Amino acid sequence: MKDNNNYNVLIVGNKGREYALAQRLQQDERVNALYFCLGNGGTQDLGENLECEHYEHIVELALKKQIHLAIISEEELLILGLTEMLEKAGILVFGASKEAAKLEASKSYMKAFVKECGIKSASYFETNDLKEALNYIQNASFPLVIKALNKNTSIVHHQEEALKILEDAFKQNNESVIIEPFLEGFELSVTALIANDDFILLPFCQNYKRLLEGDNGVNTGGMGAIAPANFFSNELEEKIKNHIFKPALEKFQADNTLFKGVLLAEIVVIEEKGVLEPYLLDFSVRFKDIECQTILPLVENPLLDLFLATAKGELNSLELVFSKEFVMSVALVSRNYPTSSSPKQTLYIDPVDEKKGHLILGEVEQDNGVFESSGGRVIFAIGRGKSLLEARNHAYEIAQKVHFEGMFYRKDIGFKVLDLKEYS
């Protein structure tokens with residue numbers, strides 16, 4: 001593909017992150033047209049949602065629409081090799097290769113990869129036998145983390161709870177489960193742009209994953225986040241670069257694994273003998289909703305430049321500029337999230353002061369201008385401010401502009417960092 005100043009861009013996915021990416025790309029005069037496979041009820045107002053029957057059909061549509069750049073954030077399609085298929089068709093792709101996508105697709109593969117790299121992570125026990133798993137937990141110290149290979153992660157505090165989760169996991173399939181000790185510390189989500197042997201870190205983010213206030217309830221994809229999470233030393237950032245990202249990229253290179261996209265490291269920071277040490281919890285090979293929406297407002301460069309430099313393997317040409325503001329996001333979720341589906345609800349949205357922030361439309365549908373919820377994490381309220389407290393106040397002010405039956409959101413995002421004693 002030749003360089004030009006007139007890009008047709010295809011975004012593959014249908015969640016809030018795709019809406020957030022499109023919202024920014026739409027502002028770039030070089031973007032001629034935006035297309036989505038499949039998109040959601042919000043993206044149809046930012047470009048054109050395309051009906052895709054199967055992943056091979058996406059390549060046909062990309063050629064038909066003369067796509068110059070494709071951005072893929074759907075895990076299943078990365079695993080199926082959509083990146084390679086689009087590149088073979090002559091299209092620039094911002095997305096992990098099929099081989100790199102294994103890192104997110106399989107907890108077992110990820111733990112083995114991390115161990116081989118020498119990256120600090122929790123010790124673990126892996127088995128595909130229920131009896132072995134039960135014997136292990138009888139002698140283990142709680143709390144424990146149980147990761148089923150269908151990607152459910154549970155934090156358990158006693159044997160009865162662990163027993164039920166293990167029985168349910170093995171009832172669903174005969175694949176392995178991973179059991180590891182719960183690591184106590186503060187968590188960070190660190191997103192990097194990866195172009196084979198080169199990488200650039202984006203602002204650090206703290207994702208609040210538990211459903212309920214006080215970090216209680218089940219794990220979710222994220223109920224809110226703050227950025228930049230800069231309450232640590234430069235020494236810790238260097239450790240994350242040198243002891244997590246660099247070893248991972250060196251292994252990609254040694255294995256001839258191509259990677260031009262996003263690598264997201266979920267990290268827990270633990271104090272050991274008075275020194276902060278980062279331990280890897282998980283890797284993802286694409287943007288995640290909460291992290292993407294929270295850090296994007298801090299990136300002052302045109303997003304198109306980031307995607308093109310990554311897809312072309314030219315990260316050294318980028319000089320990233322980050323805002324000095326703070327951002328807080330709050331997920332507005334449906335009644336039964338995340339344990340079961342909820343009935344569709346009509347959304348009512350009041351005007352938002354864009355100087356204070358904005359809304360990201362996630363799992364929504366649209367019919368004749370009327371929005372309805374279509375999943376769990378429906379809308380995200382994004383607040384900006386000169387301080388984290390101001391960003392927090394704006395985020396919750398914006399959250400109150402959205403109304404639908406059964407709507408729920410955590411009211412304590414960022415409170416530990418702000419050291420607030422109560423929330424409302």
Side-chain angles (χ1 to χ4, degrees), residues 7-28 31-52 55 57-59 61-62 65 67-80 82-83 86 91-96 101 104 189 191 193 202 205 207 221-222 225 260-264 284-297 299 302-304 306-308 310-311 327 329 331-333 347 358-366 371-382:
Y7 289 90
N8 294 337
V9 179
L10 172 66
I11 301 177
V12 181
N14 63 352
K15 298 293 195 304
R17 65 182 160 241
E18 285 79 23
Y19 183 90
L21 294 172
Q23 202 176 48
R24 283 285 298 273
L25 287 168
Q26 188 196 39
Q27 301 167 13
D28 196 313
V31 176
N32 178 60
L34 278 172
Y35 298 97
F36 305 89
C37 283
L38 294 161
N40 62 29
T43 60
Q44 72 183 63
D45 292 335
L46 302 176
E48 181 181 350
N49 288 354
L50 303 175
E51 291 294 329
C52 309
Y55 71 101
H57 188 211
I58 296 175
V59 181
L61 289 169
K65 297 295 185 180
I67 297 300
H68 302 102
L69 171 68
I71 302 163
I72 309 171
S73 50
E74 284 289 343
E75 179 196 348
E76 183 180 351
L77 296 174
L78 293 170
I79 294 164
L80 289 170
L82 182 58
T83 294
L86 288 167
I91 296 167
L92 275 176
V93 182
F94 180 93
E104 182 173 352
S189 292
T191 301
L193 300 177
L202 298 180
C205 175
N207 181 356
K260 290 182 284 188
V262 162
L263 182 62
L264 188 153
S284 299
V285 297
R286 61 207 171 99
F287 280 120
K288 291 295 193 74
D289 281 302
I290 283 284
E291 287 87 352
C292 178
Q293 296 157 30
T294 310
I295 63 178
L296 282 190
V299 180
L303 285 194
L304 184 63
L306 274 64
F307 294 133
L308 290 175
T310 304
V327 178
S329 61
L332 313 182
V333 306
L347 311 182
H358 57 281
L359 291 168
I360 296 293
L361 303 186
E363 295 184 75
V364 300
E365 296 175 352
Q366 184 182 168
F371 289 106
E372 286 188 327
S373 61
S374 63
R377 289 191 298 176
V378 181
I379 293 188
F380 302 84
I382 314 296

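All values reported here derive from a predicted model rather than from experimental measurement.
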Checklist entry - Does the pair L25 and I71 meet the rule for a side chain to side chain contact (heavy atoms under 4.5 Å, CB included), with working shown? => result CA-CA 11 Å; L25 287 168; I71 302 163; 3.8 Å; yes

Item to check | CA sep, side-chain torsions, deciding dist, call: D45, Q366, side chain to side chain donor-acceptor pair (under 3.5 Å) | outcome: CA-CA 10 Å; D45 292 335; Q366 184 182 168; 3.2 Å; yes

Checklist entry - Can you name the residues that form a salt bridge (Lys or Arg N to Asp or Glu O under 4.0 Å) with E372, not counting sequence neighbours? => result none

Next on the checklist: Quick one about E18 and S73 (side-chain donor to acceptor, distance below 3.5 Å, no hydrogens or angles considered), yes or no?
Outcome noted: yes

Item to check | Side chains of I72 and V93 in contact at under 4.5 Å (non-hydrogen atoms) | outcome: yes

Checklist entry - Side-chain contact, heavy-atom cut-off 4.5 Å: R377 with I290? => result yes

Item to check | Close side-chain approach of L50 to L61, heavy-atom, < 4.5 Å | outcome: yes

Checklist entry - Quick check: does any side chain N or O of T83 sit under 3.5 Å from a backbone N or O of L78, one acting as donor and the other as acceptor? => result no

Checklist entry - Could you go step by step and tell me if Y19 and F36 meet the side chain to side chain contact (heavy atoms under 4.5 Å, CB included) rule? => result CA-CA 10 Å; Y19 183 90; F36 305 89; over 6 Å; no

Next on the checklist: Checking N32 against N8: is there a side-chain donor and acceptor pair closer than 3.5 Å?
Outcome noted: yes

Next on the checklist: Quick one, L38 and N49 - any side-chain contact, counting heavy atoms below 4.5 Å?
Outcome noted: no

Checklist entry - Can D28 and L303 be said to form a side chain to side chain contact (heavy atoms under 4.5 Å, CB included), step by step? => result CA-CA 8 Å; D28 196 313; L303 285 194; over 6 Å; no

Checklist entry - Is there side-chain contact between V59 and L82, with at least one heavy-atom pair below 4.5 Å? => result yes

Checklist entry - Is the shortest heavy-atom distance from the side chain of Y35 to the side chain of V9 under 4.5 Å? => result no

Next on the checklist: If we ignore hydrogens and angles and just use 3.5 Å, is the side chain of S329 paired with the main-chain N or O of I382 as donor and acceptor?
Outcome noted: no

Checklist entry - How close do A62 and I91 get, heavy atom to heavy atom, and via which atoms? => result CB-CD1, 3.6 Å

Checklist outcome for this item: Between the CG atom in L10 and the CG atom in L34, the distance rounded to the nearest 0.5 Å is 9.5 Å

Next on the checklist: I'd like to know if the side chain of D289 reaches the main chain of R17, judged simply by a donor and an acceptor atom lying under 3.5 Å from each other, with no hydrogens or angles considered.
Outcome noted: yes

Checklist entry - Which class fits the ring pair Y7 and H68: parallel under 30°, tilted 30 to 60°, perpendicular over 60°? => result perpendicular

Checklist entry - Got a donor-acceptor contact below 3.5 angstrom from the R286 side chain to the V262 backbone? => result no

Checklist entry - Do L21 and C292 come close enough that some side-chain heavy atom pair is under 4.5 Å? => result yes

Checklist entry - Does any non-hydrogen side-chain atom of F307 lie less than 4.5 Å from one of L193? => result no

Next on the checklist: Please enumerate all residues that pass side-chain contact (heavy atoms from CB on, under 4.5 Å) together with S374, with sequence neighbours excluded.
Outcome noted: E363, E365

Checklist entry - Which atom names give the shortest non-hydrogen contact between G362 and N40, and what distance separates them? => result O-ND2, 2.9 Å

Item to check | For L359 against A381, the heavy-atom pair lying closest together | outcome: CD2-CA, 4.0 Å

Checklist outcome for this item: The single option from L86, I67, L69 that satisfies side chain to side chain contact (heavy atoms under 4.5 Å, CB included) with L92 is L69

Next on the checklist: If you apply the rule side chain to side chain contact (heavy atoms under 4.5 Å, CB included), what do you find for C205 with T191, and how did you get there?
Outcome noted: CA-CA 8 Å; C205 175; T191 301; over 6 Å; no

Next on the checklist: We want to know whether S189 and E291 form a side-chain donor-acceptor pair, criterion being a heavy-atom distance below 3.5 angstrom.
Outcome noted: yes

Item to check | Contact summary for L361 and G42, nearest pair of heavy atoms | outcome: CD1-CA, 3.6 Å

Checklist entry - Hey, is the main chain of Q44 close enough, under 3.5 Å, to the side chain of E48 for a donor-acceptor pair? => result no

